[in-house]
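Since the structure comes first, as structure tokens, the remarks are kept for the end.
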Amino acid sequence: MLKIYNTLTRSKETFTPRIAGKVGLYVCGMTVYDYCHVGHARVMVVFDTVVRYLRYLDYDVTYVRNITDIDDKIIHRANENGESIEALTARFIDAMHEDERALAVLPPDIEPRATSSIHDIIAMIEKLITNEFAYVGTNGDVFYAVDKFKNYGQLSGKNTDDLQAGERVDVDLAKRNPMDFVLWKMAKEGEPFWESPWGNGRPGWHIECSAMSTCCLGNSFDIHGGGMDLQFPHHENEIAQSEGATGEKFVNLWMHNGFVRINEEKMSKSLGNFFTVREVLKQYSPEVVRLFILSSHYRSPLNYSDEQLNSAKAKLTGFYIALRDFDYAIMKDSVNSKLTGDYNANVPYIDDTEYKTRFERAMNDDFNTPIALSVLFDVAKELNKAKKSAPEKAEALAYTLQYLGNILGLLQENPDDYFKRVVAISDSIGISDNIEVSISNPIIDKQVQERIDAKKAKNWALADQIRDELKAKNVILEDSPDGTTRWRRE
RNA sequence: GGCUGCGUAGCAAAUCGGUUAUGCAGUGGCCUGCAAAGCCAUCUAGAGCGGUUCGACUCCGCUCGCAGCCUCCA
């Protein structure tokens, strides 16, 4: 039985979809004026894992994640760059999709854009005015009257009396109440605009998500997610807007993921202490980044450091070492069925014992990926033990490892590719610069053969020298008892 | 000032009122020509002070420390 922590009630709740077997999930996506940083990667990976697991549980999931492609920052950045807004956002939308693919994040089912939803946004604002939740301010902007919505502050646990509006930001005098927020913003000279009953302008930030989520998923839906920082005011405002317009309960369950931190401080654009996904991918493989993210619970803070990334890399190498020597092609078939829908009846035996149960128990407990991963480590250990003593069992465990790994979006590579890849995955989709490969695979094979010959001649000095030279080029050799040698890149 | 959340061994990270978490790193061993990988063994815990309890890392209270939100932010 799946339990999920609901920010609205501040407790773990048994997940019960509105319609049996179906889940509507909306996640607040990116504002596309810059490259995604590791914090964005966390949202992508966390909710991708949520979706994968829900699908694994046989829910029919509709996953919606929006793109904010019009707002102040975008306008400013386009002006700075001297490029059109369309060109800027198209560029960063492409970049975002590249980052996603690299991180094995499955695309959302629907990816609505603010600029394609203007009609729905205007309709919702009109509804809010009709229902007397919104008014036109003295400057022509349309505002939401916060005091008209009785539950305002429920999600974030805030009492409007305690909020110090205007403490750090000048209160807009056009508002009736300092807490009120803008729904429709009148266009200034030179700004992009859309026609509306209130004049030429553009939507406020919060309204787009209310419009897009209810349009895609209905007035009420199951789960709404995003980063912790969106809890207030963004999600609070979404509730006020949606429920004010529809009169129906907006969302049953709110999920918020924790921040990525650097040196005990939030990674954020405004602090400037962020690493972009593509920067990180020059140094670490996407799968390492994904494993790093899933190593901590999604609601906990996640500290970004080389030490942590290196540790994730060592763990991943350990998994692939356990997985090598098995027929990858067969495993691949066995693994994909449930998540892709291409069910293969000929899949090999999948160990169906305690590991799967333990894994599911962990994931059922609010997507506890650290514990789920610890189950995978246990599988890997038993698999390594079984390799010599019980080959059939080992094979079944290898399937299990890949099968469970797939639910987390991990361990889907051919181990040979993982260890011998010359070009980073990120290169193949155009993200990063070429990673310097100081030696090609054929040359490695040749040197390894020379070393085998040297070993046969008991020329240990030469054998060691070749091994050291390869080690210097990040190629690790492993001798087997049968006289063969295999190698892997580090 | 208001409101959240957190403080676990060298590092990271969970569970749990009484039983080995797990991984990385370290140490000792097996294996190996030597390594590597793997396996076996092993050292480091639960911020501080009280309380509840037969028994608390786990529940409650207080103190200290850290982070976040109250402004755009994932």
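We use all heavy atoms of the structure for the numbers below, so side chains are in, but hydrogens, waters and symmetry mates are not. The sequence lines fix the lettering, A, B, ..., with proteins before strands; numbering per chain opens at 1.
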Work out how far the P atom of B:rC62 is from that of B:rA13, and round it to whole angstrom.
27 Å
Starting from C1' on B:rG23, measure out to CZ on A:F292 and report it in whole angstrom.
14 Å
Regarding A:R10, tell me which of base, sugar-phosphate or nothing describes its non-hydrogen contacts under 4.0 Å with the strands shown.
sugar-phosphate
Taken in chain and number order and not counting sequence neighbours, the residues that satisfy side-chain contact (heavy atoms from CB on, under 4.5 Å) with A:A240 are A:Y144, A:F149, A:Y152
Does the protein touch nucleotides 31-41 of chain B at the base, only the backbone, or not at all? Give it as B, S and - per nucleotide, heavy atoms under 4.0 Å.
--BBBBSSSS-
A:R52 bridged to A:D48 by N-O distance under 4.0 Å:
yes
Whole-Å distance separating the CZ atom of A:F359 from the C1' atom of B:rU22:
14 Å
Ring centres of A:F181 and A:F143 under 6.0 Å apart?
no
In whole angstrom, what separates A:H234's NE2 from B:rA74's P?
10 Å
Remember a base hit wins even if backbone is also touched, and classify A:M267 as base, sugar-phosphate or nothing at under 4.0 Å, heavy atoms.
base
Pairing pattern in dot-bracket form [Watson-Crick, G-U; both distances under 3.5 Å; | = partner strand] for RNA chain B
(((((((..(((.....[...))).(((((.......)))))....(((((..]....))))))))))))....
Listed partners of A:Y418 passing ring pair (Phe, Tyr, Trp, His ring centres under 6.0 Å), at least two apart:
A:Y320
By nearest-nucleotide position on RNA chain B, the 5'-leaning member of A:Q231 and A:S268 is A:Q231
Taking the C1' atom of each, how far is B:rG38 from B:rU32, in whole Å?
12 Å
Base, backbone or nothing for each nucleotide of nucleotides 10-18 of chain B, written B, S, -, heavy atoms under 4.0 angstrom, 5' to 3'?
-SSSSS---
With a non-hydrogen cut-off below 4.0 angstrom, is A:G226 in contact with a base, only sugar-phosphate, or nothing?
sugar-phosphate
Using 4.0 Å as the upper bound for N to carboxylate O, is an ion pair formed by A:E264 and A:R261?
yes
Nearest-angstrom distance, P atom, B:rU15 to B:rU58:
14 Å
Taking the C1' atom in each of B:rC11 and B:rG46, what is the distance between them to the nearest angstrom?
16 Å
Report the C-alpha distance between A:E111 and A:I93 in whole Å, list the side-chain angles of each, state the deciding distance to 0.1 Å, and finish with yes or no for side chain to side chain contact (heavy atoms under 4.5 Å, CB included).
CA-CA 11 Å; A:E111 196 170 48; A:I93 288 170; 5.5 Å; no
Which is true for A:V260 with a 4.0 Å heavy-atom rule: it touches a base, it touches only sugar-phosphate, or it touches nothing?
base
For a quick check of understanding: with a heavy-atom distance under 4.0 Å over all strands, which category does A:P481 fall into, base, sugar-phosphate or nothing?
nothing
Interatomic distance where CG belongs to A:N237 and C1' belongs to B:rC70 [whole Å]
12 Å
C1'-based separation of B:rC39 from B:rA45 [nearest Å]
26 Å
Set of residues satisfying salt bridge (Lys or Arg N to Asp or Glu O under 4.0 Å) with respect to A:K313, sequence neighbours excluded:
none
Can you tell me the distance, in whole Å, between the CH2 atom of A:W254 and the P atom of B:rA74?
16 Å
Could you give the distance separating B:rC6 and B:rU44 at their C1' atoms, to the nearest angstrom?
23 Å
Is the shortest distance from a Lys or Arg side-chain nitrogen in A:E236 or A:K158 to a carboxylate oxygen in the other one below 4.0 Å?
no
Once ring pair (Phe, Tyr, Trp, His ring centres under 6.0 Å) is applied, do any residues pair with A:Y26, and if so which ones, sequence neighbours excluded?
A:H224
Who are the ring pair (Phe, Tyr, Trp, His ring centres under 6.0 Å) partners of A:Y5, not counting sequence neighbours?
none
In residues 270-277 of chain A, what donor-acceptor pairs under 3.5 Å come from side-chain atoms, sequence neighbours left out?
unit_1, atom_1, unit_2, atom_2, d
A:S270, OG, A:S268, OG, 3.4
A:N273, OD1, A:S268, N, 2.9
A:N273, ND2, A:K266, O, 2.9
A:T276, OG1, A:E279, N, 3.1
A:T276, OG1, A:E279, OE1, 3.3

Nearest whole angstrom, please: distance from the C1' of B:rG23 to the CG of A:L316.
12 Å
Return the value, rounded to whole Å, for the distance between atom NZ of A:K175 and atom C1' of B:rU71.
10 Å
Excluding sequence neighbours, so at least two apart, what forms ring pair (Phe, Tyr, Trp, His ring centres under 6.0 Å) with A:F319?
A:F377
With A:D479 via side-chain contact (heavy atoms from CB on, under 4.5 Å) - residues at least two apart
A:R451, A:K455, A:R467, A:T485
Looking at A:M212 and A:R113, what are the two nearest heavy atoms and their distance?
SD-C, 3.7 Å
Provide the distance between the two P atoms, one in B:rG18 and one in B:rC57, to the nearest whole Å.
10 Å
Classify the ring geometry of A:W254 against A:H235: parallel below 30°, tilted from 30° to 60°, perpendicular beyond 60°.
tilted
Would you sort out whether A:L383 and A:L401 count as a side chain to side chain contact (heavy atoms under 4.5 Å, CB included), showing the intermediate values?
CA-CA 9 Å; A:L383 160 53; A:L401 188 50; 4.0 Å; yes
Taking atom C1' in both B:rG5 and B:rG10, compute the distance separating them and give it to the nearest angstrom.
26 Å
note: A:H235, atom NE2; B:rC69, atom C1'; distance rounded to Å ~ 13 Å
Hey, what are the protein-to-nucleotides 57-60 of chain B N/O distances that come in under 3.5 Å?
none

